[in-house]
Amino acid sequence: MSRGGGRTYADAMESDAREDWGAADERVQQVIEGRYPVVGMSSQALSTVMAGVFAAITVVTAGGSIVDPSNAVVSLPLAVIKLALALVGVALAVVGWQLARRRNELAPAGSGYSPVRTLTSSQRRVVRRQTRGRDTLTAEAAPIVAALLRERLAPARTVLMTVAGLELTLLGNALPTVWLSILTAIVIVSIGAAVVVSHRIDTRRLAAVERAFPSV
């Protein structure tokens with residue numbers, strides 16, 4: 001029990017909790033502003049390298065058919081299509097990767113380093129559940145949730161560009177095998193849809209956070 005105007009134990013605990021969340025928010029913001037280091041290869045670089053590998057295979061097979069039609073592996077029109085898909089795919093992947101580097105939006109290919117690691121285990125649990133929409137947003141965690149959603153949305157465009165480039169080279173490599181082309185097309189549509197849906201979900205969640213807590 002407090003004396004006079006002193007604080008109660010509950011008041012002290014609540015104040016300390018607010019200070020802990022305030023310090024956590026400050027650490028997260030510092031990491032984001034300084035951009036956390038990408039450990040190993042970035043997602044954009046990985047997609048670009050893989051696109052280059054598949055494009056090289058396509059160039060060898062399709063290019064040989066164009067240069068020496070007498071020993072053609074595929075017909076001339078198909079060879080041109082395969083070559084075009086490979087070149088456009090690599091170009092798109094490279095542009096996406098370079099844009100990500102220029103804008104400092106490289107995303108880790110694996111777990112990498114995340115601003116979330118600056119939080120305590122209990123704070124991480126709260127933030128993750130609120131970020132996924134499983135728990136009601138709280139004033140203490142809202143700034144961190146908003147910051148992490150913005151951080152996740154930032155590289156989405158360049159990641160999609162490099163993945164699209166990789167998928168085009170895969171499609172060019174798969175032609176003219178019918179079943180492989182169909183499987184590749186299904187994978188392309190599935191990955192593209194997953195990226196778009198995830199981006200829209202994060203955008204809606206961020207909008208909800210900003211409506212509930214305009215100051216974030």
Side-chain angles (χ1 to χ4, degrees), residues 32 34-115 148-203 206:
I32 289 176
R35 292 299 302 181
Y36 55 85
V38 175
V39 180
M41 189 175 289
S42 68
S43 174
Q44 293 94 329
L46 180 61
S47 295
T48 302
V49 169
M50 292 178 66
V53 171
F54 285 109
I57 296 172
T58 302
V59 167
V60 171
T61 56
S65 299
I66 294 173
V67 173
D68 187 7
S70 62
N71 294 319
V73 177
V74 294
S75 64
L76 182 60
L78 186 57
V80 172
I81 293 173
K82 285 170 67 71
L83 198 58
L85 286 171
L87 295 178
V88 171
V90 168
L92 184 60
V94 170
V95 169
W97 177 36
Q98 291 304 313
L99 280 175
R101 291 183 62 191
R102 194 175 306 149
R103 297 172 181 174
N104 208 14
E105 292 178 353
L106 294 174
S111 57
Y113 182 77
S114 168
L148 294 177
L149 285 171
R150 292 188 188 108
E151 181 71 7
R152 201 155 66 191
L153 287 167
R157 185 172 300 177
T158 54
V159 168
L160 186 58
M161 286 179 66
T162 55
V163 169
L166 170 60
E167 291 169 345
L168 286 176
T169 60
L170 282 171
L171 183 58
N173 199 257
L175 292 172
T177 308
V178 176
W179 70 268
L180 187 56
S181 300
I182 293 174
L183 179 61
T184 303
I186 292 173
V187 171
I188 289 173
V189 172
S190 300
I191 294 177
V195 172
V196 171
V197 169
S198 176
H199 186 271
R200 288 183 177 178
I201 290 173
D202 285 345
T203 300
L206 178 58

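Quick note: residue numbers are just sequence positions, from 1.
- Here the OG1 atom belonging to Thr61 is positioned 10.0 Å from the CG atom belonging to Leu175, to the nearest 0.5 angstrom.
- Judged by distance alone, with hydrogens and angles left aside, the side-chain atoms of Ser47 form a donor-acceptor pair with the main-chain N or O of Ser43 at under 3.5 Å.
- Of all heavy-atom pairs between Gln44 and Ala100, the closest is NE2-CB, 3.4 Å.
- When all heavy atoms are compared, the tightest approach of Ala51 to Ala93 is CB-CB, 4.2 Å.
- Within a 6.0 Å sphere centred on CZ of Arg150, other residues, nucleotides and ligands contribute more than 12 heavy atoms.
- Contact detail for Ala107 and Val159: the closest heavy-atom pair is CB-CG2, 4.2 Å.
- The closest side-chain heavy-atom distance from Trp97 to Leu106 is below 4.5 Å.
- Note that the CG atom of Leu92 and the CG atom of Leu87 stand 12.5 Å from one another [nearest 0.5 Å].
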Take Ile191 and Val163, measure what side-chain contact (heavy atoms from CB on, under 4.5 Å) needs, and give me the verdict at the end.
CA-CA 8 Å; Ile191 294 177; Val163 169; 3.6 Å; yes
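- Looking at Thr58 and Leu85, their side chains never come closer than 4.5 Å, going by heavy atoms from C-beta outward.
- Atom CG of Leu148 and atom CG of Leu153 lie 11.0 Å apart (nearest 0.5 Å).
- Note that OG of Ser75 is 10.0 Å distant from NZ of Lys82, once rounded to the nearest 0.5 Å.
- Between Leu149 and Arg152 there is a side-chain heavy-atom pair separated by less than 4.5 Å.
- Taking 4.5 Å as the limit, every side-chain heavy atom of Val187 sits out of range of all side-chain heavy atoms of Leu170.
- At distances below 3.5 Å, at least one donor-acceptor pair connects side-chain atoms of Thr169 with backbone N or O atoms of Leu166.
- Listed here is the closest heavy atom pair of Val90 and Ala55: CG2-CB, 3.2 Å.
- Here the CD-CZ distance, from Gln98 to Arg103, works out to 12.0 Å after rounding to the nearest 0.5 Å.
- Nearest heavy atom pair, residue His199 against residue Ala156, reads CD2-CB, 3.3 Å.
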Decide side-chain contact (heavy atoms from CB on, under 4.5 Å) for Leu171 and Ile188; before the verdict, give the C-alpha distance in whole Å, the side-chain angles of both, and the deciding distance to 0.1 Å.
CA-CA 9 Å; Leu171 183 58; Ile188 289 173; 4.1 Å; yes
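- If you run side chain to side chain contact (heavy atoms under 4.5 Å, CB included) between Ser198 and each of Asp202, Ile201, Val195, only Asp202 comes through.
- Taking CD of Glu167 as the reference point, atom OG1 of Thr162 lies at 9.5 Å (rounded to 0.5 Å).
- Taking both residues in full, the closest heavy atoms of Leu168 and Gly89 are given as CB-CA, 3.9 Å, listed atom of the first, atom of the second, then distance.
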